[in-house]
Amino acid sequence: MHTQRQIGLPGLAGHGRVFAIDAARGFAIFAMVVAHTAPYLRPAPKAIGSVEGLLNDVAAPLFALIIGVTIARTAPSQAGASVGIDARAGRRAYRWQTGKKGLILIALGLALTLAPSGVVVVLQYLGVTMLLLIPLLFLRTRALLALAAGLIVIAPGIITVGRELVLVMPALQYPATPFTMLLDWTVLGRSYQAVILLSMALLGIAIGRAALDTSRVLVTVLVVSVVAFLPAQVWATLDLPGTTVRGGYVEVLRETPLAVGTFAFIAWATHAARDRVRRVSRAVFAPIVPQGRMALSIYVFHVVLLMGVVAVQAPQNPWVAAWMTWPRGALIQVGLVVLCAV
């Protein structure tokens with residue numbers, strides 16, 4: 001096995017590719033491309049709309065989770081009681097590398113917002129998440145799990161209160177200043193919030209350290225995720241109170257197990273299952289593994305493509321209905337997804 005370096009949506013320096021991680025990352029970028037092209041098929045058949053909704057909801061938290069898993073597999077060492085001089089230097093270098101890649105994601109994200117694309121760009125939120133991870137990279141696994149649990153409990157409440165404050169203090173969001181941008185990236189983003197993505201990344205580090213190579217643990221994580229997801233999904237389906245709050249408790253308690261369970265299934269099937277199951281699963285996921293290895297390039301490419309599509313639409317209304325009806329909408333969506341996959 002040879003050493004490879006990668007800069008990707010969840011990328012840090014690699015110590016060799018892990019098929020399961022690339023497969024999960026490939027699935028995440030596929031889900032995000034489908035979600036971003038979904039508006040071109042309206043009204044979508046109910047079954048298709050439901051699948052697109054799940055893909056939309058799993059993509060960003062799954063990316064954040066994979067950031068953590070990648071860290072667990074590539075960090076120079078895990079937290080320990082005593083650390084030698086060489087280990088300390090390795091950790092400093094790794095923190096510096098993580099910070100640089102976070103800043104790269106922020107810069108790319110800002111660049112992709114310079115022209116309309118219809119996409120809420122996630123890169124800057126993932127970049128801020130990586131910056132927030134820097135002091136936490138080498139905590140013990142139990143501390144990471146405790147911190148992730150604390151964020152899951154507390155952060156949605158902070159976000160909900162923040163959204164209420166914005167109604168009476170619009171200066172918290174507009175105009176765009178460094179302060180309002182920081183608030184948007186961390187807690188007030190209309191689609192993503194770094195404090196929530198941080199909890200996913202912390203869970204990812206824990207899974208990467210303790211579960212990735214153990215079939216029994218991955219199956220347990222998958223079962224717990226399904227059990228946790230179902231009541232939140234029922235709540236959201238019934239549109240009960242709190243369902244529409246972005247970053248609120250219903251969304252977080254639904255999307256966290258959705259992303260964790262998705263990763264646990266892919267990792268178990270392609271990495272930790274018995275030989276026959278693993279061979280079949282790898283054959284199934286093999287087509288999206290190359291996309292997982294080029295996730296950042298594909299993400300940027302699909303946003304630029306959507307910029308072009310928006311640019312050629314009717315100037316008075318870039319999202320005119322004619323572009324979103326059958327068969328044109330379906331052809332645009334399928335064409336963009338296929339183009340990003342080849």
Side-chain angles (χ1 to χ4, degrees), residues 6-11 21-42 44 48-49 51-67 70 101-102 104-130 185 189-192 197 255 259 262-263 266 285-313 318-320 323-325 327-342:
Q6 60 184 39
I7 297 179
L9 280 173
I21 296 176
D22 285 335
R25 191 186 295 113
F27 178 80
I29 193 64
F30 168 78
M32 191 157 280
V33 173
V34 170
H36 290 163
T37 56
Y40 286 99
L41 182 56
R42 291 290 181 267
I48 294 177
V51 172
E52 288 178 340
L54 288 172
L55 291 175
N56 176 74
D57 296 340
V58 76
L62 183 56
F63 271 128
L65 184 80
I66 297 170
I67 287 177
T70 306
K101 292 182 177 180
I104 289 172
L105 291 182
I106 293 172
L108 281 174
L110 291 174
L112 291 176
T113 62
L114 295 178
S117 64
V119 172
V120 180
V121 178
V122 72
L123 296 184
Q124 56 268 50
Y125 299 90
L126 291 175
V128 172
T129 300
M130 295 184 76
W185 291 342
R190 59 192 175 102
S191 294
Y192 312 114
L197 297 176
E255 293 184 1
T262 298
F263 180 83
I266 294 174
F285 283 97
I288 63 173
V289 167
Q291 285 72 44
R293 294 173 179 172
M294 301 183 296
L296 181 58
S297 299
I298 292 175
Y299 185 90
V300 172
F301 178 62
H302 99 280
V303 174
V304 172
L305 278 178
L306 288 172
M307 288 179 181
V309 173
V310 170
V312 300
Q313 293 178 27
W319 293 100
V320 289
W323 284 78
M324 304 185 195
T325 55
R328 182 182 292 182
L331 291 174
I332 291 175
Q333 181 181 25
V334 173
L336 287 170
V337 172
V338 172
L339 188 59
C340 290
V342 296

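With contacts defined as side-chain heavy-atom distances shorter than 4.5 Å, the pair L112/M307 qualifies. At least one side-chain heavy atom of L65 sits under 4.5 Å from a side-chain heavy atom of L62. Side-chain contact between Q291 and V33 is absent, with no heavy atoms from C-beta onward closer than 4.5 Å. A heavy-atom distance below 4.5 Å is found between the side chains of V58 and F27. Inter-residue side-chain proximity for L296 and L108 is flagged as met; some heavy-atom pair is nearer than 4.5 Å.
For the pair M130 and L105, the tightest heavy-atom approach, listed with the atom from each and the gap, is SD-CD1, 3.7 Å. Scanning all heavy atoms of the two residues, the minimum distance from L55 to A31 falls at O-CB, 3.5 Å. Taking each heavy atom of P61 and D57 in turn, the nearest pair found is CG-O, 3.2 Å. Taking every heavy atom of both residues into account, Y125 and Y192 meet most closely at CE2-O, 3.4 Å. Nearest heavy atom pair, residue L197 against residue A60, reads CD2-O, 3.9 Å. The minimum heavy-atom distance between F63 and L126, with the atom names listed, is CB-CD1, 4.2 Å.
With rounding to the nearest 0.5 angstrom, the CD1 atom of I288 is 11.5 Å from the CZ atom of R293. A distance of 6.5 Å separates CD1 of I29 from NE2 of H302, quoted to the nearest 0.5 Å. Atom-to-atom distance recorded for F263:CZ and I21:CD1 is 5.5 Å, nearest 0.5 angstrom. Taken to the nearest 0.5 Å, the CG atom of N56 stands 8.0 Å off from the OG atom of S191. Going from atom CZ of F285 over to atom CG of D22 covers 13.0 Å, rounded to the nearest 0.5 Å. Of the inter-residue distances, the one linking T37 atom OG1 with M32 atom CE reads 12.0 Å to the nearest 0.5 angstrom.
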- Might you work through the side chain to side chain contact (heavy atoms under 4.5 Å, CB included) test for T70 and R25, ending with a clear yes or no? CA-CA 10 Å; T70 306; R25 191 186 295 113; 3.7 Å; yes

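Paired with F301 under the rule side-chain contact (heavy atoms from CB on, under 4.5 Å), one option of V303, L305, V304 passes, and it is L305.
A donor-acceptor pair is defined here as one N or O able to donate and one able to accept, closer than 3.5 Å; no such pair exists between the side chain of Y299 and the backbone of L123.
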